[in-house]
Amino acid sequence: MALSTVRSTDSHDAAIAAEQQYVTALHQRLDTLRARTVHRLDEALSTVPHNPQAIGEREAQVELYTQRLVALDAAESGLCFGRLDRRDADVPRYVGRIGLSTEEGREEPLLIDWRAPAAQPFYTATALHDLGIRRRRHIRTRGRTVVGIADETLDLTDAADVTERSGLVGESVLLAALNASRTGRMTDIVRTIQAEQDRIIRADHRGVLVVQGGPGTGKTAVALHRAAYLLYTHRERLARSGLLIVGPSPTFLRYIADVLPSLGETGVVLADLGGLRPGLRAAAPERAEVAELKGRLAMVDVVAAALKGRQAVLDGPAQITLDGTPLRFTKADAARARSRARHTSRLHNEARPAFGAAVIGILAQKYADTLGADVLGGAGLLDRQDVAALRQEVAAEPAVHALIDRLWPRLTAERLVGELFASPARIAAATPGWTDAERRLLHRPASAPWTPADVPLLEEADELLGVDDSAQRATARRDRQRRLRHAQETLDLLHGSRSVDNETEDESEELSAGDLLDAEGLAGRHDEVDTRTTAERASADRSWTYGHVIVDEAQELSPMAWRLLLRRCPTRSMTVVGDVAQTGSAAGASSWADALDPQLGSGWRIEELTVNYRTPAEIMAVADQVRSGNGATTTAVRSTGVHPWALGVAEADLADAVAEAAAAFDKEDGTLGIVVPRERLDAVTSAVRDRLPAVATGVATDADLPDGPVVLAPEAVKGLEFDSVLVVDPAGIVGEGARGANDLYVALTRATQRLGVVHAGALPPALAGLAPR
């Protein structure tokens with residue numbers, strides 16, 4: 001998908017203005033409905049019930065209007081997100097979070113609820129099966145302001161002049177450009193693209209589907225349209241369980257968010273690997289060899305061994321003094337308590353209460369022995385109350401709690417993994433058979449920030465730790481019992497307000513609140529209602545399991561990352577999109593079989609996209625010289641007549657030469673990406689900014705991709721594309737990356753129109769044939 005590769009600014013701005021006018025009218029209608037609902041809620045709250053039945057009726061009204069207000073408030077964000085232009089109707093159909101009718105009796109509703117059958121084409125129409133839709137428009141809003149639109153024209157049969165199709169963006173531009181040639185061959189190619197993409201979009205959701213395709217084959221477009229198709233086709237299931245889309249970087253996720261088909265009131269969560277853990281943003285850079293080591297499946301045993309090592313025994317006896325009485329807690333005592341806790345077969349934190357009880361019991365027995373009593377058997381000088389008091393005395397002693405914390409600490413995943421990496425001794429104990437060099441790679445200071453490669457390890461630790469929520473559950477039980485007692489007292493008062501002796505026959509037949517509700521039901525009315533969307537609940541819950549997972553640039557995932565994602569989707573309903581010829585990570589896949597067989601066996605299938613309709617043949621002829629033997633072979637079908645060039649300069653002049661070339665490209669239409677080795681990011685950005693102040697930079701910039709130039713390292717450019725691309729110091733890119741040739745291949749294939757290479761020193765042999773500028 002392209003970044004608006006063809007656009008007429010005037011018509012685009014006019015279209016935004018027209019949509020703004022319509023969206024404003026929709027919000028005015030929403031305000032009217034909200035005001036009416038608030039008025040009715042106020043009336044219901046101000047009503048004074050005269051009998052128990054009226055109490056129930058008023059509560060039902062309050063609940064109804066409150067829920068309606070919640071729905072209206074939720075619809076405020078992204079109220080209207082789509083428009084359908086149909087072949088057989090002049091009036092467009094707008095799609096949004098809720099349905100809005102018009103009081104004037106307009107034939108077409110102001111807004112169609114995304115769940116309504118009439119909205120189905122917005123999610124399921126494709127170029128091959130357009131369902132009567134000429135154009136699908138995605139409307140992006142911020143608050144009540146329309147900030148962008150993106151059009152997909154599904155009927156390209158009359159695209160004689162691409163330059164007149166100013167509303168087209170993304171793959172519609174490229175398909176129209178192919179079709180505009182009016183040759184039978186190009187028409188066949190467009191049909192081939194549409195057919196192979198449509199087949200994958202509509203494929204069975206069950207099992208793991210791998211979509212392999214080279215640059216420009218539309219992998220991301222297919223993945224996102226498949227997300228929309230599945231969310232609508234399996235709406236009830238995915239509305240409950242949600243859908244997770246995983247991308248390679250925050251920059252990529254922001255990029256697809258702009259062109260992602262609007263999915264309405266959905267459970268769609270977008271995340272990169274570093275953002276998959278709730279409450280943690282793991283974005284620190286890491287050396288390739290360290291990330292590769294952390295990505296090995298052997299780390300499962302390392303984390304388990306690290307945890308086992310925290311369930312300690314004593315090197316020597318510990319002494320606890322209770323009321324002046326010294327008690328010895330021996331190594332054998334610690335081993336006995338640990339054995340009891342482990343035999344509960346609970347996770348570490350969940351077994352901690354059992355360990356604590358064992359320690360307290362052992363110490364209480366020792367304490368009782370000094371008094372001549374058997375606290376465990378209940379015999380001797382102490383009765384049961386004395387025994388309970390003795391245990392409480394032991395349990396209240398701070399030194400006992402310190403001993404429990406020392407031998408069986410309450411751990412978080414961050415504490416377990418962080419303290420493991422900070423301690424060479426703990427690393428050595430958890431990695432038998434490893435070399436000293438490998439162990440040194442894991443060692444880092446306790447204050448070091450988290451990296452994306454740490455996230456699967458933290459998740460693995462959580463699977464072993466569990467949560468000791470016994471105190472919270474006890475508090476919840478007490479609160480629930482209190483509310484039940486209060487509810488029962490209220491019902492008893494309502495029953496008592498009616499004197500059976502004084503009732504008339506009609507009054508005796510009336511239903512009271514006590515007839516309609518029991519204490520459980522009345523208490524439940526005060527339970528907090530979770531108004532969060534599925535996406536909000538899923539993104540905040542580490543243990544959430546999704547109905548479907550889509551992974552873009554999946555070739556970059558390590559074995560540990562795959563383990564994490566498969567845990568999030570136990571049904572194995574996944575769409576995996578990527579190209580193993582573009583793998584840049586040392587921990588990534590050399591082949592899909594190597595990546596998936598250890599996790600899934602034969603439980604996956606593969607589809608291939610074979611037509612490269614984005615990258616011109618002139619550029620692919622150069623890039624194919626760099627490409628490794630892995631990945632599917634694709635055929636480039638576009639030819640622009642513009643050949644890539646190379647410019648060799650002295651090392652001292654490199655940054656300035658890049659700035660000059662960027663300024664020349666900037667005068668042409670479209671977007672510009674400048675791909676540089678990480679070590680040159682600052683110097684090149686500074687030089688380009690002197691010529692083009694609007695330049696943006698970063699490995700994973702927090703801002704949206706700008707209209708002006710953007711300077712990125714090879715790993716951050718993955719999945720993106722630009723009209724023009726400058727590749728800087730290709731030899732440096734090859735030498736810097738763990739799979740440098742693949743990184744260079746990615747950089748060369750980001751351009752949809754023009755490609756230039758600026759270098760100091762010799763070019764890599766594969767690029768030696770580039771024509772000089």
Side-chain angles (χ1 to χ4, degrees), residues 1-2 5 120-136 138 150-157 159 168-180 185-205 207-233 243 245 247 255-256 259-263 548 550-555 574-579 582 592 605-615 620 631-638 719 721 749 752:
M1 294 172 12
T5 54
Q120 179 182 1
F122 190 80
Y123 302 92
T124 60
T126 63
L128 195 66
H129 297 92
D130 60 31
L131 304 181
I133 303 301
R134 291 188 301 105
R135 180 176 67 179
R136 171 171 47 206
H138 307 286
D151 287 346
E152 292 178 272
T153 297
L154 303 181
D155 180 6
L156 301 172
T157 57
L168 298 183
V169 299
E171 65 178 352
S172 294
V173 174
L174 302 175
L175 291 174
L178 290 175
N179 209 42
R185 177 175 178 273
M186 288 302 181
T187 300
D188 290 342
I189 289 171
V190 172
R191 288 173 180 168
T192 299
I193 295 169
Q194 293 172 345
E196 69 177 12
Q197 291 187 350
D198 192 82
R199 183 184 68 252
I200 295 169
I201 289 168
R202 297 171 184 274
D204 193 337
H205 70 281
V208 176
L209 172 64
V210 176
V211 182
Q212 162 70 38
T217 55
K219 299 184 298 296
T220 299
V222 167
L224 299 183
H225 283 82
R226 180 163 169 77
Y229 176 81
L230 292 176
L231 279 163
Y232 194 89
T233 307
L243 185 147
I245 298 178
Y255 169 64
I256 67 171
V259 290
L260 177 69
S262 301
L263 301 177
H548 194 81
I550 291 178
V551 187
D552 207 343
E553 302 295 341
Q555 73 278 356
M574 299 178 73
T575 303
V576 174
V577 179
D579 178 16
Q582 299 184 53
W592 292 117
R605 63 193 190 277
I606 190 167
E607 293 274 4
E608 292 188 359
L609 295 170
T610 61
V611 180
N612 181 344
Y613 60 89
R614 181 194 70 196
T615 312
M620 283 308 301
T633 301
T634 60
T635 302
V637 298
R638 292 178 63 233
E721 57 191 55
T749 55
T752 65

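Heavy atoms only: backbone and side chains are in, while hydrogens, waters and symmetry mates are out. Quick caveat, the model's predicted, so the values are computed rather than measured.
For the pair I245 and L224, the minimum side-chain heavy-atom distance is below 4.5 Å. Taking 4.5 Å as the limit, some side-chain heavy atom of I200 sits within range of a side-chain heavy atom of L609. You'll find the side chain of R638 stays beyond 4.5 Å of the side chain of T615, heavy atoms only. Using a 4.5 Å heavy-atom threshold, the side chains of R605 and D204 count as touching. In this structure, the side chains of T635 and V611 stay at 4.5 Å or more apart for every pair of heavy atoms. In this structure the side chain of Q197 never reaches within 4.5 angstrom of the side chain of H225, judged on heavy atoms.
For the atom pair OG1 of T634 and CD of Q212, the computed distance is 9.5 Å after rounding to the nearest 0.5 Å. With values rounded to the nearest 0.5 angstrom, Q120 atom CD is found 7.0 Å from T233 atom OG1. Rounding to the nearest 0.5 Å gives a distance of 3.5 Å between CG of D552 and OG1 of T220. Of the inter-residue distances, the one linking L243 atom CG with L231 atom CG reads 5.0 Å to the nearest 0.5 angstrom. Interatomic distance, OG1 of T575 versus NE2 of H205, reported as 10.5 Å (0.5 Å rounding). If you take CD on E607 and CZ on R199, they are separated by 4.5 Å, rounding to the nearest 0.5 Å.
The minimum heavy-atom distance linking W592 with G578 is given by the pair CZ2-C, 3.8 Å. The nearest pair of heavy atoms linking P215 to D579 is CD-OD2, 3.9 Å. Between V577 and A223, the shortest heavy-atom contact is CG2-CB, 3.8 Å. The minimum heavy-atom distance between T752 and E721, with the atom names listed, is CG2-OE2, 4.1 Å. The shortest heavy-atom contact between A227 and I550 is CB-CD1, 3.6 Å. Contact between T749 and R614 at its shortest, heavy atoms only, is O-NH2, 2.8 Å.
With hydrogens and angles disregarded, a donor-acceptor distance shorter than 3.5 Å links the side chain of R136 to the backbone of F122.
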Run R226 and L209 through side chain to side chain contact (heavy atoms under 4.5 Å, CB included) and show every step you take.
CA-CA 11 Å; R226 180 163 169 77; L209 172 64; 4.1 Å; yes
